[in-house]
Amino acid sequence: MNQWISALGVEVLKLRRSRLFWISLAASMMVPVMIGLVFSGTIGSQSSFEGEINMAGLLKELGIVISMGGLIGFGFVFSWIFGREYSDRTLKDLLALPLSRYGVAAAKLLVAAVLSMGLALLVFIVGCLTAGLVGLDGWSLEVILHGFGRYAEVSLMVTCLSIPVAWMACIGRGYMTPLGVVLLTIVVAQFGGALGIVEYIPWAIPGLFSGASGEESSHLEAISRMLPYLTGGIGIIGTLAWWRYADQT
């Protein structure tokens, strides 16, 4: 256990010293501020958003942003945390430490997942604060708590869907392969609607559940809502197995 905690501390320290951490924090604060200002009519045009222009509508919009932008943003987080060891040629040094391969990979997965969920939470908090400061209609603690449940589940779905990106970073031994996979999953999710099977494509589920395709599409069957979590589980197994059995030389 002490060795695993040490591995976790190393990953946290590397993240804190990276530009990725600070850039992701800045982006997660800037996006909800812009959305809140547009919703209030301070900048831009309110007509650019569909649905109600009030607090409930803003929370729905934040969920839509996470369901789509999170696939790219969180995917990059997992890609960077795993792929940088290959690109910077530090993997051999890391494996030389008295730590189990499972422990190192698990620490990386946990740090990436916590960072992704933390960024999603930051988006929600900043969005709510911005809405309160500009006096957006319908702002209340009751509305916020009601909207947080669906937003949190969307964020968790997107985080789970990003886990296989770590596996692809290991297979591709760098950044490019996993980022290509992220773009491919977005394309597949878009084509799923044309084929009529969108509710069975894991990467399309967060968008549907957030109401991006209309409220009627947000009521999904249990099997559809389970797909992102199953995909995340496969990603965890694949990543840990790769670190344990693949040749890392």
Side-chain angles (χ1 to χ4, degrees), residues 20-77 113-162 182 185-186 189-190 193 198-199 201-220 224-225 228-229:
L20 171 70
F21 179 69
W22 302 107
I23 292 174
S24 59
L25 285 181
S28 297
M29 290 187 288
M30 181 181 68
V31 170
V33 168
M34 297 298 292
I35 293 175
L37 293 177
V38 174
F39 257 76
S40 67
T42 305
I43 61 173
S45 173
Q46 294 176 322
S47 61
S48 59
F49 295 106
E50 297 181 359
E52 300 177 340
I53 306 298
N54 54 23
M55 189 61 192
L58 181 138
L59 295 180
K60 176 183 176 181
E61 190 64 32
L62 292 180
I64 293 173
V65 168
I66 287 295
S67 70
M68 298 179 180
L71 288 174
I72 299 176
F74 299 172
F76 187 80
V77 168
V114 170
L115 175 59
S116 298
M117 289 299 295
L119 293 176
L121 181 60
L122 181 61
V123 169
F124 187 86
I125 292 174
V126 173
C128 292
L129 291 177
T130 303
L133 290 174
V134 298
L136 189 63
D137 292 340
W139 194 100
S140 70
L141 184 59
E142 181 180 359
V143 172
I144 292 174
L145 293 177
H146 178 74
F148 180 73
R150 182 173 292 260
Y151 178 88
E153 185 167 359
V154 169
S155 301
L156 183 58
M157 286 180 178
V158 176
T159 299
C160 289
L161 290 171
S162 300
V182 169
T185 58
I186 295 175
Q190 295 298 320
V198 66
E199 66 272 18
I201 297 179
W203 297 274
I205 301 303
L208 293 176
F209 189 63
S210 67
S213 300
E215 288 298 328
E216 66 280 359
S217 299
S218 64
H219 303 290
L220 299 171
S224 295
R225 292 175 63 173
Y229 306 115

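Just so you know, these numbers use all the heavy atoms, side chains as well, and skip hydrogens, waters and symmetry mates. This is a predicted model, so every value here is computed, not measured.
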Do [X] and [Y] touch side chain to side chain, with heavy atoms closer than 4.5 Å?
X	Y	result
K60	R150	no
I186	I72	yes
S162	V77	no

Would F39 and N54 count as a side chain to side chain contact (heavy atoms under 4.5 Å, CB included) here? Give the steps. CA-CA 7 Å; F39 257 76; N54 54 23; 5.9 Å; no
With rounding to the nearest 0.5 Å, note down the distance linking CE in M157 to OH in Y229. 4.0 Å
From CA spacing to verdict: side chain to side chain contact (heavy atoms under 4.5 Å, CB included), Y151, L59: CA-CA 8 Å; Y151 178 88; L59 295 180; over 6 Å; no
Using every non-hydrogen atom in the two residues, find where I205 and R225 come nearest and quote the distance to one decimal. CG2-CA, 4.4 Å
Please name the residue in the list I53, I66, V38, I35 that meets the side chain to side chain contact (heavy atoms under 4.5 Å, CB included) test with E61.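 With E61 as partner, side chain to side chain contact (heavy atoms under 4.5 Å, CB included) holds for just one option, I35.
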From the list L115, V158, V182, L161, side chain to side chain contact (heavy atoms under 4.5 Å, CB included) with F74 holds only for V158
Look at the side chain of S210 and the backbone N and O of S67, then say whether any donor-acceptor pair between them is shorter than 3.5 Å.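 Flag not set: sc S210 to bb S67 has no pair under 3.5 Å.
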Enumerate donor-acceptor pairs with a distance under 3.5 Å from any side-chain N or O in residues 120-144 to protein atoms, sequence neighbours excluded.
unit_1, atom_1, unit_2, atom_2, d
T130, OG1, V126, O, 2.8
W139, NE1, C128, O, 2.9
S140, OG, V143, N, 3.2

